[in-house]
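Only this structure's heavy atoms are used, side chains among them; waters, hydrogens and symmetry mates stay out.
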Amino acid sequence: MNKFKISFLFISVLCIAGCMQYHSPDRATWGQILRGASVTDMTETSRIAKRQVLLGAGGRTVANSDINNNAGARAEYGDKTTNDNMALLGYMSSLEYALYDALRKPGISVQRAGTEVVVILVRDAIMELNVADISATGSDTLSIITKILKKYDATFIEIAGYTDATRDNNAARALSFDMAQRVGVYFAQHGIIPERLFIVGRGAARPIAAQDDIGRLTNRRVEIRIAPVR
């Protein structure tokens, strides 16, 4: 009977822990959680500058990844540059398909941009409606993305927040940066090393829809841009 009670209690604790909704930690802790992340755009120059930092923190390049999705990645013959490019394209294509298959939800899209993959998350798909925090649905979505990004770890990740044009520029940038940071904190808390991250808030810049009532809902978003580490 005692063993039964202990087992039941253990299972109950696991169930409660698994069902608890995620909440962003106190803002005062974000700096420590995101230590190693860059608060800047993920440009080619910034990726090159950060490459050694990432490798020093345990990151990898596509060539050294455990995932071998392209026969050209390990080709014995042929031009090395061609083989490396084939490996890179195969790696990012596999990542794109993994995200696309796992994220067939309203308010979420996965797009390919050259050798990069972009995941667009409309704010209402991942955040509470009237509260600056990640929703239960958003936590589920970010958990899926996190697992895939941990598998495809030979990548840099830019998290960019955007808002609509109903606020002044300073307020819009602050709100968009808050959204991006919350996603970055979630990733870092769930096993993605911060050295992979670039976090920015772009305010109302780069709208992807009209600035009407419906379009504004789409313009409030977080974009996760994923680039290979060469």
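The closest side-chain heavy-atom distance from Y97 to R112 is not below 4.5 Å. Between V117 and Q111 there is no side-chain heavy-atom pair separated by less than 4.5 Å. Within the 4.5 Å cutoff, side-chain heavy atoms of Q181 are placed close to those of R27. With contacts defined as side-chain heavy-atom distances shorter than 4.5 Å, the pair V119/I108 qualifies. Contact check for I224 versus F187: side-chain heavy atoms found under the 4.5 Å cut-off. Side-chain atoms of I126 and V222, non-hydrogen and from C-beta on, do get closer than 4.5 Å to each other. With contacts defined as side-chain heavy-atom distances shorter than 4.5 Å, the pair L142/V183 qualifies. Side chains of F177 and I199 form a contact here, defined as non-hydrogen atoms less than 4.5 Å apart.
Taking CD of E223 as the reference point, atom CD1 of I120 lies at 4.5 Å (rounded to 0.5 Å). Taken from CD in E116 to CD in E96, the straight-line distance is 12.5 Å, to the nearest 0.5 Å. In this structure, D133 CG and M179 CE are separated by 13.0 Å, a value rounded to the nearest 0.5 Å. Taking CG of D124 as the start and OG1 of T137 as the end, the distance is 11.0 Å to the nearest 0.5 Å. The OG atom of S135 lies 12.0 Å from the OH atom of Y22; values are rounded to the nearest 0.5 Å. Atom CE of M127 and atom OG of S139 lie 12.0 Å apart (nearest 0.5 Å).
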Passes side-chain hydrogen bond (donor to acceptor under 3.5 Å, both in side chains), R51 versus T61? Steps please. CA-CA 9 Å; R51 183 176 182 274; T61 65; 5.0 Å; no
I would like to know whether M92 and T155 meet side chain to side chain contact (heavy atoms under 4.5 Å, CB included); could you show each step before the answer? CA-CA 9 Å; M92 296 306 291; T155 51; 4.1 Å; yes
Please assess Q189 against I33 for the test side chain to side chain contact (heavy atoms under 4.5 Å, CB included), listing each intermediate value before the final yes or no. CA-CA 7 Å; Q189 285 189 307; I33 294 171; 4.0 Å; yes
Just do the side-chain hydrogen bond (donor to acceptor under 3.5 Å, both in side chains) check on Y152 and S94 with the steps written out, would you? CA-CA 9 Å; Y152 291 85; S94 182; 2.6 Å; yes
With side chain to side chain contact (heavy atoms under 4.5 Å, CB included) as the test, would you mind laying out the steps for V200 and V39 before giving the verdict? CA-CA 6 Å; V200 292; V39 184; 5.6 Å; no
Would D66 and R60 count as a salt bridge (Lys or Arg N to Asp or Glu O under 4.0 Å) if you check the C-alpha gap in whole Å, the side-chain angles of each, and the deciding distance to 0.1 Å? CA-CA 9 Å; D66 290 337; R60 296 193 255 190; 2.9 Å; yes
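Residues S24 and R182 have side chains that bring a donor and an acceptor to within less than 3.5 angstrom of each other. At a cut-off of 3.5 Å, with distance as the only test, a side-chain donor of T43 or S46 sits close to an acceptor on the other residue. Side-chain atoms of S176 and R220 form no donor-acceptor pair, as typed in the model, at a separation below 3.5 Å.
Proximity of a side-chain donor or acceptor of K150 to a complementary backbone N or O of G191 within less than 3.5 Å is not detected. Counting only distance, with no hydrogens or angles, the side chain of K50 and the backbone of F156 share no donor-acceptor pair below 3.5 Å. Remark: the backbone N or O of P25 is not paired with any side-chain donor or acceptor of T29 at under 3.5 angstrom. A donor-acceptor distance shorter than 3.5 angstrom exists from the side chain of N219 to the backbone of I208, with no hydrogens or angles considered. Using a distance-only test at 3.5 Å, with no hydrogens or angles considered, no donor-acceptor pair links the side chain of Y162 to the main chain of T218.
The minimum heavy-atom distance between I144 and A102, with the atom names listed, is CG2-CB, 3.5 Å. Of all non-hydrogen atoms in A160 and A180, the two that sit nearest each other are C-CB, 4.2 Å. When all heavy atoms of A172 and A204 are compared, the closest pair comes out as CB-N, 4.1 Å.
Not less than 6.0 angstrom separates the ring centroid of Y186 from the ring centroid of H23.
By the rule that hydrophobic residues join a cluster once side-chain heavy atoms approach within less than 4.5 Å of another member, L34 and I134 end up as members of one cluster. V229 and L95 fall into different hydrophobic clusters, where Ile, Leu, Val, Met, Phe, Trp and Tyr are joined by side-chain heavy atoms under 4.5 Å apart, directly or via other members. Placement of L99 and I192 within a single hydrophobic cluster is found when ILVMFWY residues are connected by side-chain heavy-atom separations under 4.5 Å, directly or transitively.
The only option from R202, R47, R225 that meets the salt bridge (Lys or Arg N to Asp or Glu O under 4.0 Å) definition with D41 turns out to be R202. The side-chain contact (heavy atoms from CB on, under 4.5 Å) with I226 is formed by just one residue from the set I148, L149, T115; it is L149.
Shown here is K105, whose NZ atom has more than 12 heavy atoms of other residues, nucleotides or ligands within 6.0 Å.
A salt bridge does not link D153 with R196: none of the charged nitrogens is closer than 4.0 Å to a carboxylate oxygen.
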